[in-house]
Amino acid sequence: MVTSPNPTQIVYPDSDGKPMADNTRQFRWITTIKANLDWLFANNADVFVAGDLLWYPVEGDNKTRQAPDVMVAFGRPKGERGSYQQWKENNIPPQVVFEILSPGNTQTEMTRKLLFYDRYGVEEYYIYNPDKNDLGGCIRQENRLESLENLDNWVSPRLGIRFQLAEPELLLYYPDDQPFTSYNEERQRAETERQRAERLAAKLRELNINPEEI
């Protein structure tokens, strides 16, 4: 007699053995989107953002899985995870997924990913090819993902961010219309603000004013 596997005996690997990115451009886009979404939802404890994390939608099945380049799950707490096992997450699937293409991605592979995201409940799916500066997207309507025809100045219903088709590459904006920044740009901006604060403090001291008492 054939028995069903015991879910408690099944191992859900944390890695599929594939690299996060195939080249520096793809890696830059993945990390930039992930970092900016982290910043956007930093004060919301119930928004989980992850990059290159394996998502297992079905308990007892460790073969059905996908590792989106970036995914966002609303209604799930922040925290470390080896993988996103949906049955342990109140059965909430990631609602928003990003894929950044590289020359190594095939049409068959991307079609398989689309079918996976469609089947397992993704609400918004964005796919960007930085080499061709080409953006595509889908949104869930009537329980299936439907292609978006015009993504120029499109605002994500879930994230509130805006996409702008530009040259030489895509631009993304926060809900307050501030542009997404890279880690280096954010670090440079923080350093500039620090230097400005130090100059101001020095000027106040020249005027015999203690900046710490203001």
Side-chain angles (χ1 to χ4, degrees), residues 4-5 7 10-23 26-27 29-34 37-38 41 47-132 134-149 151 154 156-159 161 163 170 172:
S4 299
I10 295 177
V11 175
Y12 301 90
D14 293 349
S15 173
D16 58 5
K18 298 178 181 179
M20 177 178 177
D22 292 337
N23 55 58
Q26 185 189 27
F27 181 80
W29 270 99
I30 293 171
T31 54
T32 295
I33 292 174
K34 199 271 182 184
L37 292 178
D38 277 335
F41 295 109
V47 178
F48 174 67
V49 181
D52 195 41
L53 184 71
L54 278 173
W55 164 23
Y56 293 94
V58 182
E59 184 175 12
D61 181 357
N62 62 4
K63 303 299 183 184
T64 300
R65 62 190 187 183
Q66 197 58 253
D69 287 334
V70 181
M71 68 181 192
V72 185
F74 290 83
R76 300 309 305 143
K78 300 184 188 308
E80 305 298 336
R81 292 162 172 80
S83 62
Y84 191 89
Q85 298 175 29
Q86 188 171 315
W87 57 96
K88 295 181 179 179
E89 307 285 352
N90 283 351
N91 208 34
I92 295 175
Q95 294 94 345
V96 185
V97 162
F98 291 82
E99 292 285 357
I100 307 299
L101 293 182
S102 72
N105 292 123
T106 65
Q107 184 62 49
T108 299
E109 175 189 3
M110 300 317 296
T111 298
R112 185 169 62 249
K113 288 185 177 183
L114 173 60
L115 292 173
F116 180 97
Y117 298 143
D118 184 40
R119 179 176 183 180
Y120 292 110
V122 169
E123 296 176 12
E124 300 178 39
Y125 174 38
Y126 301 104
I127 180 169
Y128 181 57
N129 185 333
D131 292 324
K132 297 182 179 180
D134 182 52
L135 175 68
C138 298
I139 191 165
R140 185 165 293 276
Q141 296 178 338
E142 297 181 358
N143 205 34
R144 64 175 296 176
L145 287 174
E146 299 285 355
S147 295
L148 292 164
E149 294 187 6
L151 280 163
W154 167 262
S156 160
R158 275 286 190 176
L159 306 176
I161 66 173
F163 299 78
L170 174 70
L172 296 171

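- A heavy-atom distance below 4.5 Å is found between the side chains of Y84 and I92.
- A ring-centre distance under 6.0 Å is not found for F41 and F48.
- The shortest distance between side-chain heavy atoms of W55 and V122 falls below 4.5 Å.
- Annotation: side chain of F74 is in contact with side chain of L159 (closest heavy-atom distance under 4.5 Å).
- Contact check for D14 versus L54: no side-chain heavy atoms found under the 4.5 Å cut-off.
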**Request:** Kindly indicate, with the supporting measurements, whether the criterion side chain to side chain contact (heavy atoms under 4.5 Å, CB included) is fulfilled by V70 and L37.
**Result:** CA-CA 9 Å; V70 181; L37 292 178; 4.0 Å; yes
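- Nearest heavy atom pair, residue V97 against residue P68, reads CG1-CB, 3.7 Å.
- Formation of a donor-acceptor pair under 3.5 Å by the Q86 side chain with backbone atoms of Y56 is not found in this model.
- Side-chain contact between W154 and L148 is present, with at least one heavy-atom pair separated by less than 4.5 Å.
- Under the side chain to side chain contact (heavy atoms under 4.5 Å, CB included) test applied with S156, the options I161, I139, V72 reduce to a single match, I161.
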**Request:** Please step through salt bridge (Lys or Arg N to Asp or Glu O under 4.0 Å) for the pair E124 and R140, ending with a clear verdict.
**Result:** CA-CA 6 Å; E124 300 178 39; R140 185 165 293 276; over 6 Å; no
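- Between the CG atom in L151 and the CG atom in L135 there is a gap of 4.5 Å [rounded to 0.5 Å].
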**CA sep, side-chain torsions, deciding dist, call: E142, R144, salt bridge (Lys or Arg N to Asp or Glu O under 4.0 Å)** = CA-CA 6 Å; E142 297 181 358; R144 64 175 296 176; over 6 Å; no
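- Separating the CZ atom in F98 from the CD1 atom in I33 is a distance of 5.5 Å, to the nearest 0.5 Å.
- Across Q141, R158, Q95, a single residue satisfies side chain to side chain donor-acceptor pair (under 3.5 Å) together with E123, and that is R158.
- Between Y117 and E99, the side chains place a donor N or O and an acceptor N or O closer than 3.5 Å (distance only, hydrogens not considered).
- A heavy-atom distance below 4.5 Å is found between the side chains of F116 and T64.
- In terms of modelled atom types and a separation under 3.5 Å, the side chain of D134 and the main chain of N129 share no donor-acceptor contact.
- Atom CD1 of I127 and atom NZ of K113 lie 8.0 Å apart (nearest 0.5 Å).
- Screening residues 70-82 for side chain to side chain donor-acceptor pair (under 3.5 Å), with sequence neighbours left out, gives R76-E89, R81-E89.
- Counting heavy atoms from C-beta outward, V58 and Y120 have side chains that approach closer than 4.5 Å.
- Within a 6.0 Å radius of CZ in R119, other residues, nucleotides and ligands contribute 12 heavy atoms or fewer.
- For the pair K34/D38, a side-chain contact is recorded, criterion being any heavy-atom separation below 4.5 Å from C-beta on.
- Ring centroid separation for the pair Y126 and W29 does not come in under the 6.0 Å cut-off.
- A distance of 9.5 Å separates CD of E59 from CG of N91, quoted to the nearest 0.5 Å.
- Between the side chain of D118 and the main chain of L145, a donor-acceptor pair closer than 3.5 Å is present.
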**Item:** Stepwise side chain to side chain contact (heavy atoms under 4.5 Å, CB included) check, L172 with L170
**Value:** CA-CA 7 Å; L172 296 171; L170 174 70; 4.1 Å; yes
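- Between atom CG of residue L53 and atom CG of residue D69 there is a gap of 12.0 Å, rounded to the nearest 0.5 Å.
- Residues P93 and G121 come closest through the heavy atom pair CG-O, 4.0 Å.
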